[in-house]
There are 2 protein chains.
Amino acid sequence: MTAQPAARVTIKDVAARAGVSKGAVSLAFNHKPGLSEATRDRIFRAARELGWAPNLTARTLAGSRVDVVGLAICRPARLLGLEPFYMEFISGVESVLTEHSCSLLLRLVRNVEEEVGLQEAWWRGRQIGGAILVDFRPDDPRVAAAERLGMPVVAVGHPSLTGGLTSVWTDDATAVTEAVRYLAALGHRRIARVGGAAALGHTAARTAAFDEAARTLELAGAWQVTTDYSGEAGARATRSMLTAAAADRPTAIVYDNDIMAVAGLSVAAEMGLRVPDDVSLLAWDDSQLCRLTHPTLSAMSHDVHGFGADAARTLFEVITGEGGGSHPVPTPVLTPRGSTAPPRM
Amino acid sequence: MTAQPAARVTIKDVAARAGVSKGAVSLAFNHKPGLSEATRDRIFRAARELGWAPNLTARTLAGSRVDVVGLAICRPARLLGLEPFYMEFISGVESVLTEHSCSLLLRLVRNVEEEVGLQEAWWRGRQIGGAILVDFRPDDPRVAAAERLGMPVVAVGHPSLTGGLTSVWTDDATAVTEAVRYLAALGHRRIARVGGAAALGHTAARTAAFDEAARTLELAGAWQVTTDYSGEAGARATRSMLTAAAADRPTAIVYDNDIMAVAGLSVAAEMGLRVPDDVSLLAWDDSQLCRLTHPTLSAMSHDVHGFGADAARTLFEVITGEGGGSHPVPTPVLTPRGSTAPPRM
DNA sequence: AACGTTTTCTTAACCGGTAAAGTCCGTATC
DNA sequence: GATACGGACTTTACCGGTTAAGAAAACGTT
C-alpha cells in the first residue's frame with residue numbers, strides 16, 4: 001500500500017507563505033501564546049489559501065495527542081450484521097468522538113487472544129490514544145493486557161469482570177430480576193429465558209440473577225438456555241420450549257436480545273400459538289425492531305446509543321486523567337407492549 | 001488527549017540489543033535483502049524479547065504505506081443501528097482488510113459536505129491510504145474531491161453516479177425489473193414499491209426501473225413512494241397503501257430494505273390482512289431477518305457481506321495501481337419464501 | 001542612556017521510523 | 001599485487017510536525 005504521488009502542502013509551505021518559521025505556524029495552530037494577533041492572522045490566511053491542515057500522523061509522532069480510539073468486536077461477522085446493538089452502540093460512541101474530532105478505528109476479531117494482540121499493536125504503534133473494550137468474559141486477558149500496557153481504556157462490563165479497569169456497565173442482575181418479577185406478577189409461574197453467548201460475562205450474570213429470582217419467587221418451572229444470539233438459535237430454543245409437554249411448557253419467555261425475541265414470535269405464530277394469550281414474550285435491548293412486529297414486543301428497554309456515548313465520554317476522562325471512575329448506566333427499564341399479558345390456561 | 005507516560009520500546013532499543021544499527025532492524029522487518037541470516041535472527045530475537053513492533057505512525061510518516069482505509073457513513077445515527085445492511089457491509093470490508101492487516105477508520109457524518117471535508121482531512125493528514133465511498137447521489141461532490149486529491153477510492157454506486165471513479169455496484173435496475181416481473185407473473189397488476197431515501201442515486205435508479213417495468217408490463221396500478229428507510233416510515237407507507245380504496249389497493253408491495261418489509265408485514269397483520277393471500281410482500285437485501293418472520297419474507301437476496309469484501313478488494317487494486325476497473329457485483333436474486341403468492345381476489 | 005522585562009519569533013533537536021548513499025571487508029580477476 | 005566487485009552493514013538525510021531553549025525587538029523604569 002504505497003502513497004500516491006500527490007503534491008501535499010506542508011507546514012513549511014504555509015510558513016514560507018506567511019513569512020514566518022514553521023515553529024510559528026505550529027504555535028498558531030495549537031492556539032498557544034507567543035504570537036501577535038497580526039502574525040496569527042497572516043498564518044491562518046496563508047493556511048487557508050493553501051488549503052493546509054496539520055498532518056495528524058506527524059503530529060502524533062511528535063508526541064502530542066492521538067485522535068483515534070480503538071474498538072475491536074469479537075463476534076462472528078454474520079451475526080454482527082443483524083445485531084442492532086453494536087451499530088447503535090457505535091453510533092453512540094461516534095456521537096461523542098465527533099465532538100472531540102476523534103475517529104474510531106474498528107476491527108472485527110475472531111477471539112480474545114487476537115484482540116489482545118491487536119490492541120497491543122495499535123497502542124504500541126501509536127495508532128490509538130485509547131480503546132473501548134466490550135464483551136467481557138470471566139478472567140478476561142484484556143484486563144491484564146491493558147494494565148501492563150498502561151493504555152487508557154474503558155471496559156464495558158460489570159466491575160466483577162473488568163478488574164481494576166475503569167468500566168461502564170448495565171445492572172443486568174437488577175434488570176433480569178425486574179423482568180422475572182414482572183412476569184410473575186402477571187401470574188406466570190413457568191418462565192423461561194433464552195440467553196446469549198454462554199462465554200460472555202454478562203450472560204453468566206443474567207443467568208445467575210434469573211436463577212436467584214426464580215428461587216426467591218418460588219417459580220418451579222424456571223428454565224433457561226444459552227445460545228449464540230442469532231435469530232436461528234432463538235427460534236430453535238423457542239421451538240424446543242414450546243413443544244415441551246403442556247405441564248412443562250413455559251407461559252412466558254425472556255430473550256437476551258431482540259432478534260431472538262422476533263424469532264420467538266415467529267415460532268409461536270408458526271405453531272399456532274397466540275401471543276400474548278398462549279405465551280408471553282419479553283425482548284431485551286429494545287431496538288426499533290420491537291415496535292415493528294405484530295404484536296409489538298414488550299422489552300427491557302435500554303438506551304444503547306446513550307450507553308455508547310457514555311462509554312466514549314468515560315474513555316476521554318480516562319485519557320485526560322480526570323478520575324473517570326466506573327459507573328453504571330441506567331438500568332434497562334421495562335417497556336410493556338403487546339407481547340406480554342397474564343397467562344390464559 | 002495526551003499520551004500516557006509509558007516506556008515504549010523503539011527501534012533503537014532493538015538495534016542496541018541486537019548490536020546493530022536501526023537501519024539494519026528496519027531492513028530485517030521489511031524483509032529487504034542486505035542482511036545475513038544470522039543477523040536477521042538476532043534482530044528478530046531481540047525484538048521478540050523486547051516485545052517490539054514497528055510504530056505504524058512513524059512508518060507512515062516516513063513515507064511508505066498507510067494501513068488504514070476510511071469509511072464515512074451518512075445516515076441519521078438512529079437509523080443506522082437498525083439497518084442490517086451497513087454492519088454486514090462493514091463486516092465484509094473487514095474480512096478483506098484483515099488479510100492485509102489493514103484497519104478501518106469509521107466515521108458517521110451528517111451530510112456529504114462534512115464527508116468531503118473529513119475525507120480530505122484524513123487524506124491530507126495521511127490518516128488513510130484510501131477510502132470507500134458509499135451512498136452516492138446525483139452530482140455527488142465526492143467525485144470531484146477524490147479526483148482533485150488524487151486519493152485512491154472505490155465508489156460503491158452505479159458508474160452513472162460515480163463519474164470517473166473506480167466503482168463497484170449492484171445492477172439495481174435489473175433487480176427491480178426482475179422483482180416486478182415476478183410479481184406480475186404471479187398475476188399481480190397493482191404493484192407498489194416502498195423506496196428508500198429519495199436523495200440517493202440508487203433509489204432514483206430503482207424508481208426509474210420500476211416505472212419502466214410497470215410501463216412495459218402495462219401495469220395500471222403501479223404506485224411508489226420514497227421514505228427514509230426506517231421501519232416507521234415503511235409502516236406508514238404500507239398503511240396508507242393498504243387503506244386505499246379497494247380498487248386502488250396494491251396486491252403486492254416491494255420494499256427497498258428488509259426492515260421496512262418487516263414493518264409492512266406487521267401492518268398487514270394489524271389490519272387483519274393475510275400475507276400472502278391478501279397482499280404479497282417482497283423485501284430487499286435479505287438479511288437473516290427475512291427468515292425470522294412469519295410468514296418468512298420473500299426477498300431480492302443480496303450478498304451484502306460479499307459486496308463489502310468486493311469493495312475492499314477493489315480498493316486495494318486501486319491503491320496498488322493494478323487497474324482495479326469498475327465492475328458490478330452479482331445482481332440480487334429473487335428468493336421466494338412465504339410472503340409472495342398469486343393474488344386472491 | 002543603560003538596563004531588566006516582556007513579547008514575539010527563530011533555531012534546532014526530537015518523535016520513530018525509511019531509504020539512499022556510503023563504508024568496510026573478503027574475494028575473485030587479470 | 002593492485003583493482004574491481006559484491007555482500008553486510010552503517011550513516012545520514014529526510015517525513016511533517018512539536019517544543020524547549022535562544023535571540024531579537026519592543027517596552028517600561030530609573
Side-chain angles (χ1 to χ4, degrees), chain A residues 1-16 18-43 46-47 50 52-67 121-127 129, chain B residues 1-43 46-47 50-67 121-127 129:
Chain A
M1 200 156 166
T2 37
Q4 213 73 351
R8 286 171 174 175
V9 0
T10 76
I11 198 174
K12 223 183 330 188
D13 304 315
V14 177
V20 295
S21 71
K22 51 182 201 150
V25 178
S26 178
L27 289 180
F29 265 77
N30 290 304
H31 301 102
K32 295 203 173 172
L35 290 181
S36 69
E37 271 312 306
T39 328
R40 220 173 269 278
D41 285 352
R42 227 166 355 109
I43 291 174
L50 293 174
W52 178 79
N55 178 325
L56 293 184
T57 301
R59 195 178 248 185
T60 297
L61 183 56
S64 44
R65 57 199 150 298
V66 180
D67 301 307
W122 274 351
W123 174 248
R124 289 215 133 97
R126 284 266 195 144
Q127 298 255 94
Chain B
M1 198 157 169
T2 37
Q4 213 74 350
R8 285 174 175 177
V9 184
T10 77
I11 197 173
K12 227 189 319 193
D13 304 314
V14 177
R17 173 147 198 151
V20 295
S21 71
K22 52 183 200 146
V25 178
S26 177
L27 289 180
F29 265 77
N30 290 305
H31 302 101
K32 296 203 174 171
L35 290 181
S36 68
E37 271 313 306
T39 324
R40 221 173 268 278
D41 285 351
R42 224 158 7 101
I43 292 174
L50 294 173
W52 178 78
N55 180 326
L56 294 184
T57 303
R59 195 177 249 187
T60 297
L61 184 55
S64 47
R65 56 197 153 295
V66 181
D67 300 307
W122 275 351
W123 174 248
R124 290 212 131 100
R126 285 267 196 142
Q127 299 254 95

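Below, chain A is the first sequence line, B the second, and so on; all start at residue 1. The model shown is predicted, which means the values in this text are computed figures rather than measured ones.
- Looking at heavy-atom distances under 4.0 Å, S26(A) makes contact with a base.
- Considering only side-chain N and O atoms, T10(A) lies nowhere under 4.0 angstrom from the phosphate OP1 or OP2 of dC15(D).
- The nucleotide whose nearest atom lies closest to any side-chain atom of I11(A) is, among dG16(D), dT10(C), dC9(C), dG16(D).
- Rounded to a whole Å, the CG atom of L61(B) is 11 Å from the P atom of dT18(C).
- Within the nucleic acid shown, K32(B) comes within 4.0 Å of sugar-phosphate atoms alone, with no base atom in reach, counting heavy atoms only.
- Judged by distance alone, the side chain of R126(A) and the main-chain N or O of T60(A) form a donor-acceptor pair under 3.5 Å.
- Atom OG1 of residue T57(A) and atom CG of residue D67(A) lie 10.5 Å apart, to the nearest 0.5 angstrom.
- Put simply, CZ on R126(B) is 12 Å from C1' on dT18(C), counting in whole angstrom units.
- The CG-P distance, from D67(A) to dT18(D), rounds to 11 Å in whole Å.
- The interatomic distance linking K22(B) (NZ) with dC9(D) (P) rounds to 18 Å, in whole Å.
- Residue T57(A) is out of contact with every strand shown, counting any heavy-atom pair closer than 4.0 Å.
- Note on N30(A): a side-chain N or O is less than 4.0 Å away from OP1 or OP2 of dT18(D).
- Between I43(B) and V14(B), the shortest heavy-atom distance links the atoms O-CG1, 4.0 Å.
- Nearest to the side-chain atoms of S21(A) among the listed nucleotides dG16(C), dG17(D), dT11(C) stands dT11(C).
- W52(A) has its CH2 atom 11 Å from the P atom of dG16(D), to the nearest Å.
- A donor-acceptor pair under 3.5 Å links the side-chain atoms of D13(B) to the main chain of T10(B), judged by distance alone.
- At a threshold of 4.0 angstrom between heavy atoms, the contacts of V25(B) with the nucleic acid are absent.
- Between R124(A) atom CZ and dG17(C) atom P the separation is 11 Å, expressed in whole Å.
- At dC9(C), one or more side-chain N or O atoms of T39(A) fall inside 4.0 Å of OP1 or OP2 (strictly under the cut-off).
- Within 4.0 Å of S36(A), counting heavy atoms only, lie sugar-phosphate atoms of the nucleic acid but no base atom.
- Nucleotide dT11(C) holds its P atom 14 Å from the CG atom of L27(A), rounded to whole Å.
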